[in-house]
Number of protein chains: 2
Amino acid sequence: MVKKKKQQTLSTEDKILAAARKVFTTKGKAAARMQDIADEAGINKALLHYYFRDKNKLFDTIFLAEAKKFFPRINMIFELEAPLFEKIEKFVAEYVDEMRINPYLPLFVLNEINHDPKRFLQKIWGKGTMPKPEKFLQQLDSEIKKGTIRKIQPMQLLMNMISLTIFPFVAEPMFTYVLRMPDKKFDELMEQRKVEIPQFIIASIKK
Amino acid sequence: MVKKKKQQTLSTEDKILAAARKVFTTKGKAAARMQDIADEAGINKALLHYYFRDKNKLFDTIFLAEAKKFFPRINMIFELEAPLFEKIEKFVAEYVDEMRINPYLPLFVLNEINHDPKRFLQKIWGKGTMPKPEKFLQQLDSEIKKGTIRKIQPMQLLMNMISLTIFPFVAEPMFTYVLRMPDKKFDELMEQRKVEIPQFIIASIKK
DNA sequence: ATTTAGTTTAACCATTTGGTTAACAAAAGT
DNA sequence: ACTTTTGTTAACCAAATGGTTAAACTAAAT
């Protein structure tokens with residue numbers, strides 16, 4: 001007889017959501033099987049359809065939840081009211097912390113967005129909640145005019161910041177394999193990046 | 001009488017490869033349908049199996065070909081015999097050029113690697129052809145000791161270089177949507193990055 | 001104790017999908 | 001000429017997969 005352990009405490013719906021999250025994020029939407037999710041949740045396949053009508057509905061639920069962990073961090077830097085360098089430090093640190101917990105996140109989100117950009121991007125920012133980079137870009141412009149940082153295209157600097165922060169998590173398997181790096185070493189490197197990246201950026205633009 | 005060139009049209013095998021490449025890279029392996037590929041190639045589905053036994057064989061053929069466009073560029077920087085800054089400029093420029101032609105490439109390759117790292121990474125570098133970053137990392141060490149660049153962990157600098165170069169192509173749909181950027185504008189930005197990225201890196205580390 | 005509403009399951013169904021077969025056409029040998 | 005090999009197709013098949021159904025179980029409400 002199969003003993004249920006910790007999961008006994010979780011509601012069926014939560015068990016499904018946890019299972020779906022695991023299967024979808026590791027295999028991707030197309031390769032994920034409803035049966036896999038049912039097995040992972042330790043329930044019957046029909047029960048999936050009882051709680052979530054169909055695969056799309058279940059996927060959208062998971063995707064939206066995951067995307068909300070991914071994107072608000074990008075927004076943050078646009079909304080925040082703070083000096084430039086402080087903003088950069090905060091953005092990188094918070095992002096790296098989140099991704100260290102969920103390293104699968106960026107590739108999952110970016111990949112599904114790539115497969116159907118309109119569908120997902122509109123789903124994430126239904127109406128007026130879309131990120132507005134203008135303020136941040138203006139802040140960069142203003143710092144350049146003040147002469148506190150060297151001349152650089154604000155859009156390029158923004159891209160650099162995001163690239164430096166997110167990419168290593170997208171390419172984790174490649175890095176760890178090519179650089180013969182155990183997972184623990186990779187995680188240490190990511191922790192270091194919380195100071196490394198801001199240092200690198202600021203050293204490049206500070207006058 | 002004017003002689004016609006032989007094979008003005010593509011051979012069936014080439015039509016299949018082109019079609020498979022398109023379908024696999026846009027939809028991913030799991031979501032790609034053999035029928036889609038047959039349609040795209042304008043042939044019967046059975047003919048696919050005549051040329052390539054099954055889906056896995058066909059996919060591996062495509063994946064290997066694409067991965068070979070993606071990875072040698074990473075190797076290049078490790079093999080090349082040149083001054084550091086020149087190396088950086090060359091790496092970025094060549095990589096950006098390649099990705100501008102095949103923007104789908106990084107996400108496709110990284111995504112499939114993520115789904116089964118051992119299988120693909122071993123398939124790409126069968127035995128002794130694996131990239132060896134040691135020389136490049138040593139060069140960085142040596143430049144730091146000489147005092148031509150500031151103190152920085154070589155591994156972090158390597159990651160920064162790769163991240164800055166590749167990430168924008170992985171996140172293209174996100175960038176163009178969030179920053180309300182037409183495709184042409186994005187492409188222009190990428191062209192600019194060929195000088196922007198080396199400048200950014202060198203400004204950060206040069207002493 | 002009986003009803004009722006929600007939960008769960010085994011069995012089933014329809015469609016999709018990768019893959020095969022057999023027939024046939026076009027080249028290539030002989 | 002005719003035989004063999006290679007290229008191509010329509011029809012078919014079995015397995016996989018998403019989804020449904022009806023019945024059974026459970027726990028609370030009446």
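So that the names make sense, note that chain A is the first sequence line, chain B the second, and so on, each numbered from 1. Fair warning: this is a prediction, and the values are worked out from it, not measured in the lab.
For the pair A/Ile62 and A/Leu17, the tightest heavy-atom approach, listed with the atom from each and the gap, is CD1-O, 3.5 Å. Counting all heavy atoms, side chain and backbone alike, B/Pro168 lies closest to A/Ser163 at CD-OG, 3.6 Å. Of all non-hydrogen atoms in A/Asp97 and A/Lys194, the two that sit nearest each other are OD1-NZ, 2.8 Å. Residues B/Phe78 and B/Lys132 share a closest heavy-atom pair of CB-O, 3.5 Å. Considering all non-hydrogen atoms of both residues, A/Pro133 and B/Leu179 come closest at CG-CD2, 3.5 Å. Taking both residues in full, the closest heavy atoms of A/Asp36 and A/Lys27 are given as OD2-NZ, 3.1 Å, listed atom of the first, atom of the second, then distance.
DNA chain C is contacted by B/Asp54, B/Lys55 of residues 53-61 of chain B, taking any non-hydrogen atom closer than 4.0 Å. Heavy-atom distances under 4.0 Å link DNA chain C to B/Ala32, B/Arg33, B/Met34 of residues 20-40 of chain B, given in residue order. Of the residues in residues 43-50 of chain A, those with a non-hydrogen atom less than 4.0 angstrom from any atom of DNA chain D are A/Lys45, A/Ala46, A/His49.
Side-chain contact, A/Asn160 with A/Gln156: no donor N or O sits under 3.5 Å from an acceptor N or O. When only modelled atom types and interatomic distance are considered, B/Tyr104 and B/Glu66 share a side-chain donor-acceptor pair under 3.5 Å.
By the 4.5 Å heavy-atom criterion applied to side chains, B/Met130 and A/Tyr177 are counted as neighbours. For the pair A/Phe85/A/Ile201, no side-chain contact is recorded, criterion being any heavy-atom separation below 4.5 Å from C-beta on.
If you look at A/Phe63 and A/Phe120, their ring centroids are closer than 6.0 Å.
Both cation-pi conditions hold for A/Lys29 and A/Phe59: the charged atom is under 6.0 angstrom from the six-membered ring centre and inside a 45 degree cone around its axis.
In the 5' to 3' direction, nucleotides of DNA chain D lying under 4.0 Å from heavy atoms of chain A begin and end at D/dT17 to D/dT21.
A distance-only check finds no donor-acceptor pair linking the side chain of A/Arg53 to the backbone of A/Leu58 [under 3.5 Å].
Residue contacts shown for B/Phe52 are absent, as no nucleic acid heavy atom lies under 4.0 Å away.
For B/Ala203, the side-chain contact (heavy atoms from CB on, under 4.5 Å) partners at least two apart in sequence or on another chain are A/Arg150, A/Ser204.
Note that the two end axes of the helix from C/dA1-D/dT30 to C/dT30-D/dA1 enclose an angle of 10°, each drawn from 5 base pairs, rounded to 10 degrees.
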Give the C-alpha distance, both sets of side-chain angles, the deciding distance and a yes or no for side-chain contact (heavy atoms from CB on, under 4.5 Å) between A/Phe24 and A/Glu112.
CA-CA 10 Å; A/Phe24 277 134; A/Glu112 301 296 342; over 6 Å; no
